[in-house]
Amino acid sequence: MPNVSPAGPPMAASPLTVAVLEIDAYASTLGWDQPARLFALVDTARLRAQEPGLASQLGLDDTAAPAAPLTPIEQDELPAGTALDEFLGTIAWPDAVAGCAMTVERLMLPPSAEASVPEGLSDKQLTQWVARHPDRQEVRMTVAVLRDGARESAVRLREKDSPTEVLTGAGLVPGLAEALAATFEA
């Protein structure tokens with residue numbers, strides 16, 4: 001069941017939930033109308049031990065300070081003009097990467113509008129129809145998966161752009177979670 005997060009992660013939040021909320025908070029500082037962003041999720045303790053220089057660059061070199069178990073590391077920008085599913089199909093992660101996450105902005109319609117969708121529209125026509133619909137909602141979805149299959153998502157509505165209004169749950173964006181999980185299948 002989705003949760004609404006308080007100003008910070010819930011006290012009993014899993015490391016994956018903490019990472020998703022950290023990425024959502026980061027994306028919110030960049031504003032809206034941003035491109036999709038991809039993140040590697042690495043084990044923080046392993047990063048500190050094996051890559052102390054990188055850990056230092058990320059502000060994780062103080063081993064006395066508590067750090068989240070997973071550290072998100074933003075990857076290079078996604079290639080312009082490439083479909084998201086095609087791009088994700090080209091990714092292969094090194095063993096040091098425990099998981100990955102992505103933020104994506106989309107237009108969504110409430111379930112009540114689904115019955116009014118015209119039949120026989122191409123993907124492009126459907127996108128245009130949704131963009132003109134008066135009940136459309138702009139959302140930012142942050143989805144993360146781990147190699148072991150764990151999943152987490154955060155969804156933020158543009159009209160309720162507040163850290164206290166972020167919905168979280170493992171099954172909120174199943175299609176993107178499946179696509180991200182496929183990047184670990186070899």
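It should be emphasised that the depicted structure is a prediction, and the values quoted were computed from it without experimental measurement.
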Trainee: Is there a side-chain contact between Thr103 and Asp24 in this structure, where contact means two heavy atoms from C-beta onward sitting under 4.5 Å apart?
Mentor: no

Trainee: So how far is it from Arg46 CZ to Glu51 CD, rounded to the nearest 0.5 Å?
Mentor: 10.0 Å

Trainee: Are Leu172 and Leu176 connected in the hydrophobic side-chain network, where two residues link if heavy atoms are under 4.5 Å apart?
Mentor: yes

Trainee: According to a hydrophobic-cluster definition based on side-chain heavy atoms being under 4.5 Å apart (Ile, Leu, Val, Met, Phe, Trp, Tyr only), do Val143 and Val104 belong together?
Mentor: yes

Trainee: Would you compute the distance between atom CG of Asp43 and atom OG1 of Thr71 and round it to the nearest 0.5 angstrom?
Mentor: 8.0 Å

Trainee: Examine Phe39 and Leu180 and state if one hydrophobic cluster contains both, with Ile, Leu, Val, Met, Phe, Trp and Tyr joined whenever side-chain heavy atoms are less than 4.5 Å apart.
Mentor: no

Trainee: Does the side chain of Val42 come within less than 4.5 Å of Leu70's, by heavy atoms?
Mentor: no

Trainee: Taking the side chain as every heavy atom from C-beta outward, state whether Val20 and Thr17 have any atom pair closer than 4.5 Å.
Mentor: no

Trainee: When rounded to the nearest 0.5 angstrom, what is the spacing between NE2 in His133 and CE in Met108?
Mentor: 13.5 Å

Trainee: Salt bridge check: are Glu165 and Arg156 linked by an N-O gap of less than 4.0 Å?
Mentor: no

Trainee: Can you check whether Gly31's main-chain N or O pairs, donor with acceptor, with Arg140's side chain at less than 3.5 Å?
Mentor: yes

Trainee: Let me confirm one number: the CH2-CD distance from Trp32 to Glu138, rounded to the nearest 0.5 Å.
Mentor: 7.0 Å

Trainee: Could you check whether any side-chain N or O of Gln75 sits under 3.5 Å from a backbone N or O of Ile73, counting only pairs where one atom can act as donor and the other as acceptor?
Mentor: yes

Trainee: Just how far is it from atom NZ of Lys160 to atom CD of Gln137, taken to the nearest 0.5 Å?
Mentor: 8.0 Å

Trainee: Tell me if the CG atom of Asp76 is crowded by more than 12 foreign heavy atoms within 6.0 Å.
Mentor: no

Trainee: Please report the shortest heavy-atom distance between Ala101 and Ala144, naming the atom on each side.
Mentor: CB-CB, 3.7 Å

Trainee: Which atoms form the tightest heavy-atom contact between Ala25 and Ser28, and what is the distance?
Mentor: O-OG, 2.7 Å

Trainee: Ion pair present between Arg151 and Glu178, side-chain N to carboxylate O less than 4.0 angstrom?
Mentor: yes

Trainee: Is any side-chain heavy atom of Ile23 closer than 4.5 Å to one of Pro72?
Mentor: yes

Trainee: CG/Asp33 to CZ/Arg158 distance, rounded to the nearest 0.5 angstrom?
Mentor: 4.5 Å

Trainee: So, using side-chain contact (heavy atoms from CB on, under 4.5 Å) as the criterion, who are the partners of Thr183 when residues are at least two apart?
Mentor: Leu88, Ile91, Trp93, Cys100

Trainee: Are side-chain heavy atoms of Leu16 and Leu146 found at a separation under 4.5 Å?
Mentor: yes

Trainee: Taking all non-hydrogen atoms of both residues into account, name the closest pair between Ala68 and Thr44 and its distance.
Mentor: O-OG1, 2.6 Å

Trainee: Looking at Leu78, Thr142, Val145, which one forms a side-chain contact (heavy atoms from CB on, under 4.5 Å) with Met102?
Mentor: Leu78

Trainee: If Ile, Leu, Val, Met, Phe, Trp and Tyr residues are connected whenever their side-chain heavy atoms lie under 4.5 Å apart, and connections chain through other members, are Val173 and Phe184 in the same group?
Mentor: yes

Trainee: Do Pro35 and Glu105 make a side-chain contact, defined as non-hydrogen atoms from C-beta onward lying under 4.5 Å apart?
Mentor: no

Trainee: Going only through I, L, V, M, F, W and Y residues with side-chain contacts under 4.5 Å, is there a path from Leu84 to Val155?
Mentor: yes

